[in-house]
Q: 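Take a look at this one; I'll ask things after.
Start at 1 with the first residue, then count along the sequence. Every number for a ligand or one of its atoms is a count from 1 in the order of the listing.
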Amino acid sequence: MDTEFPLPFVPSHSPPENPGEDPLLFCFWRRELLVTPDGIMPTVSEIDQHGVEAVRTQYLGQLGERPCYSAELEADFKAPEGFVTRDLRMLFGSLDEVTHALAGRAVQIVEWDRTHQHCGACGQATELSTTDRSRSCPECQIPMYPRLAPAMIVAVERGDEILLGRSGNFPPGIFSILAGFVEPGESAEEAVIREVYEETRIVVENVRYFGSQAWPFPNSLMLGFTAEYKSGSVDTRYDAEMESADFFHVDDLPNTFPGNISISQWLLNDFIERKQGKSGS
Ligand SMILES: [Zn+2]
């Protein structure tokens, strides 16, 4: 018996022979998505009606019955009447979650295709694979896949306190939980321990996985963790980007980024709910 794919979107690199429904088209000018001002995604025929030309297109997969494609727009592209281009960060809340995630997938595939037309080793034109989402050099045989950068983000707790820091490029007064990229050869848990130490000189233990989030700005996979304070006192002098950091009590938290769209906020909210629930307030 055939069973249904367990997620709303079924990714694939090979387009259907008969598209059936008018496909959705995720067009990007630079990293901005072409949508209506109300956040409605256009279809291929709607885009065709406006005479919009794409530099290249990519098949993404199937959203229910609807095939989905991405397209790279010309550098001098101007949005036709009734459309705007928007950074995906501006579209949280105006696109539904599944469509927003699909747009995040699409922009990364468009960018990968745009920047891997030639081999990085010998300069030859690359060819699209028919077996998976890759391009490869016919000379070197080096496969090139879409880039994905794993990063960790961690809520460090010390009793009813949480470790928050601010980097110099944050808006004034805003703090956030700590984050950093995983380095080659390192586990995500090791990255948690290393980053927290590098940024604040705090040693953590009991590192536990919380959840993850695709974060297409530009190509991260955020791996969320909780961890417990073990030893040390906060010292940010050894990290050039960290302006200040401290442990804050759950009842006396500083300003953080508003909204509830990122795993950073989900981790902080989880901390607040657990601690305030415990104290019965
Ligand atoms: Zn090559």
Q: State the count of protein N/O/S atoms located less than 2.8 Å away from the Zn ion (ligand 1).
A: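 Near the Zn ion (ligand 1), the number of protein N, O or S atoms below 2.8 Å is 4.
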Q: Could you tell me whether a side-chain N or O of Gln213 sits under 3.5 Å from a main-chain N or O of Ile261, the two making a donor and an acceptor?
A: yes
Q: Run the side-chain donor-acceptor check on residues 221-232: report pairs under 3.5 Å with partners two or more places apart or on a different chain.
A:
from: Glu228; atom 1: OE1; to: Asn206; atom 2: ND2; distance (Å): 3.0
from: Tyr229; atom 1: OH; to: Gly232; atom 2: N; distance (Å): 3.2
from: Tyr229; atom 1: OH; to: Gly232; atom 2: O; distance (Å): 2.5

Q: Check whether Asp235 reaches the backbone of Arg237 with its side chain - one donor and one acceptor, N or O, closer than 3.5 Å.
A: yes
Q: Nearest 0.5 Å please: distance from the OG1 atom of Thr99 over to the CZ atom of Phe9.
A: 10.5 Å
Q: Sub-3.5 Å donor-acceptor pair from the side chain of Gln265 to the main-chain atoms of Phe257, do we have one?
A: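 Checking the backbone N and O of Phe257 against the side chain of Gln265, a donor-acceptor pair under 3.5 Å is found.
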Q: Taking Thr43 for the side chain and Leu24 for the main chain, is one N or O donor matched with an acceptor at less than 3.5 Å?
A: no
